[in-house]
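So the structure is just underneath, and the comments pick up after that.
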Number of protein chains: 2
Amino acid sequence: MANFIQFVNELSKLDKQATDELTNKLHTKTIQKGAYLLENGEKCRKIFFIDQGLVKTYFNGKDKAFIMKFFPENSMFTVLDSYIQITVSNYTILALETTTTTFIYKSDLEALCTKHHSIETFFRKLVSYTSINMMKRISEMLEENATERYNHFLKEHSQLLQRISLGDLANYLGITQVSLSRIRAKK
Amino acid sequence: MANFIQFVNELSKLDKQATDELTNKLHTKTIQKGAYLLENGEKCRKIFFIDQGLVKTYFNGKDKAFIMKFFPENSMFTVLDSYIQITVSNYTILALETTTTTFIYKSDLEALCTKHHSIETFFRKLVSYTSINMMKRISEMLEENATERYNHFLKEHSQLLQRISLGDLANYLGITQVSLSRIRAKK
DNA sequence: ATGATTTTTTATCATTTGTAAAAAGATTTG
DNA sequence: CAAATCTTTTTACAAATGATAAAAAATCAT
């Protein structure tokens, strides 16, 4: 709860009135490892903040699943296409660890955006930074080979390495587990 | 000019006052094929709308360049990291055809965003859709092999195929020109 | 039109990555 | 503790892609 508000304020300072109204609309929920925050086929009507724990977002491809991203504590995110376009999501959000999340419903946030310009500004910035991160991911996928992407991940997310399986990491990197094992063996 | 405003209104309806003030801040410029809209090392202080023509955005990797995206007429875009974070850009915007663009300066847009809630909403939506498109690109890069990505591009951007070189297309797809030629030969 | 330049294709070989199956290691559970 | 399950590594072979070079085709400039 408090951390959600802190995260927002670090991105875009809110006045007291907006802060209070936002705080009133927050919910908190803890789910067990292996449980879903969003199941395949649902519409994503929430923006999540991870207080504690770790989740992954993934989509089901033709014959296997692909991991879009891992979100550890202190991350704020949603399934953007489903959230914005109010469509059924191809994505699933799964807890890799027992996870506590603070979230707000889209309907509430939209109302707050309309009422408080500062909250709309926050939301714009949130989406902007999400977009910048995706841009980086695309450029990495274009420029770097599998070994470089692995090393890059190590450098940027060394703490996560202990918390996710190598199968999931390989999937995120866009290679097979066997290929990742080979890369690791070479060092 | 008119098309810029139309694009904005299709994303998020503006009231007359906001429309007028926005219109007053627009600039138009035509650049020749091969000229730059943004040079490497500049800060991107504008949001562009392509009235006519075609540009590509690319960044210089270690020993070659990589194309982020093509923008034909009726596209609105910026170099997001540079724009948002006011940093020197790794990206270059190059005209692949003689191109007419209508643009607005960040400083002007920010002022308008502060004044008109509806303009901030438009901007939020613009960034949201940009983000959704990047999300799609990432999932395609994860799920599809080179042949599938090529076919996907054909399906989604068949008109562009006549206007860009196969070298540029291969680069965008993340493969070599030779590899693309092989894929095309197989059909 | 013609010569120069750029783009695209073809061919060869090296490297990377994928697939499948088995083995080894780690973790969970009764 | 031991069986069962899950994860990771290893091996062998196949397929895809990259690098390089050269030829062919297309485009551009004069």
Side-chain angles (χ1 to χ4, degrees), chain A residues 32-36 53-56 58 60-67 70 94-98 138-154 157-158 160-187, chain B residues 32-35 53-54 56 58 61-67 70 94-99 138-154 157-158 160-187:
Chain A
Q32 293 303 303
K33 173 175 174 173
Y36 297 100
L54 175 66
V55 303
K56 67 174 175 183
Y58 65 91
N60 291 309
K62 245 193 314 207
D63 29 41
K64 61 179 259 202
F66 295 89
I67 295 171
F70 303 101
L94 174 68
L96 297 177
E97 300 171 358
T98 295
I138 293 169
S139 63
E140 281 163 32
M141 290 173 97
L142 283 174
E143 184 170 17
E144 299 175 357
N145 63 27
T147 304
E148 289 165 335
R149 292 204 300 282
Y150 170 69
N151 288 325
H152 198 132
F153 187 92
L154 284 195
H157 311 286
S158 49
L160 279 189
L161 191 64
Q162 329 303 327
R163 297 165 71 185
I164 62 180
S165 74
L166 291 175
D168 272 0
L169 175 55
N171 186 305
Y172 173 81
L173 294 174
I175 56 178
T176 59
Q177 190 170 348
V178 175
S179 189
L180 176 57
S181 188
R182 272 192 290 241
I183 288 167
R184 285 162 56 87
K186 259 190 280 180
K187 296 208 91 175
Chain B
Q32 293 303 304
K33 174 176 173 171
L54 175 67
K56 66 173 174 183
Y58 65 90
K62 247 194 315 206
D63 30 41
K64 62 179 262 205
F66 295 89
I67 296 171
F70 303 102
L94 174 68
L96 297 177
E97 301 171 358
T98 295
T99 295
I138 293 169
S139 63
E140 281 163 31
M141 290 172 98
L142 283 174
E143 184 170 16
E144 299 175 357
N145 63 26
T147 304
E148 290 166 335
R149 293 205 299 281
Y150 170 69
N151 287 326
H152 199 132
F153 187 92
L154 283 195
H157 311 287
S158 49
L160 279 188
L161 191 63
Q162 330 300 330
R163 298 165 68 184
I164 61 181
S165 74
L166 292 177
D168 271 0
L169 175 54
N171 186 304
Y172 173 82
L173 294 174
I175 54 178
T176 60
Q177 189 171 345
V178 175
S179 188
L180 176 56
S181 188
R182 272 193 291 241
I183 287 167
R184 285 162 56 86
K186 257 189 282 180
K187 297 209 90 174

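Letters A, B, ... are given to chains in the order of the sequence lines, protein chains preceding strands, and every chain is numbered from 1. In what follows, every heavy atom counts, from backbone to side chain, and hydrogens, waters and symmetry copies are set aside.
Inter-residue side-chain proximity for B/Phe70 and B/Leu96 is flagged as met; some heavy-atom pair is nearer than 4.5 Å.
Using modelled atom types, one side-chain atom of A/Glu143 and one backbone atom of B/Lys62 make a donor-acceptor pair closer than 3.5 Å. Counting only distance, with no hydrogens or angles, the side chain of A/Arg163 and the backbone of A/Gly53 share a donor-acceptor pair below 3.5 Å. Under a 3.5 Å cut-off, the side chain of B/Asn171 and the backbone N or O of B/Ala65 do form a donor-acceptor pair.
With sequence neighbours excluded, the residues that form a ring pair (Phe, Tyr, Trp, His ring centres under 6.0 Å) with B/His157 are B/Phe153.
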Once base and sugar-phosphate atoms are separated, protein heavy atoms under 4.0 Å mark nucleotides 4-11 of chain D, 5' to 3', with B, S and - as ----BBBB

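Chain A approaches DNA chain C within less than 4.0 angstrom (heavy atoms of the protein), and the contacting nucleotides run 5' to 3' from C/dT17 to C/dA20.
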Decide yes or no on side-chain contact (heavy atoms from CB on, under 4.5 Å) for A/Met141 and B/Leu142, but give the supporting numbers first. CA-CA 9 Å; A/Met141 290 173 97; B/Leu142 283 174; 3.6 Å; yes

Show your reasoning for whether side-chain contact (heavy atoms from CB on, under 4.5 Å) applies to A/Ile164 and A/Leu54. CA-CA 9 Å; A/Ile164 62 180; A/Leu54 175 66; 3.8 Å; yes

Do B/Ile175 and B/Tyr150 pass the side-chain contact (heavy atoms from CB on, under 4.5 Å) test, and can you show the C-alpha distance, the side-chain angles, and the key distance before you say yes or no? CA-CA 10 Å; B/Ile175 54 178; B/Tyr150 170 69; 6.0 Å; no

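Of the two residues contacting DNA chain D, namely B/Asn145 and B/Lys33, the nearest-nucleotide position lying further toward the 5' end is that of B/Asn145.
Here the P atom of nucleotide D/dA16 and the CD1 atom of B/Ile175 are 13 Å apart, to the nearest Å.
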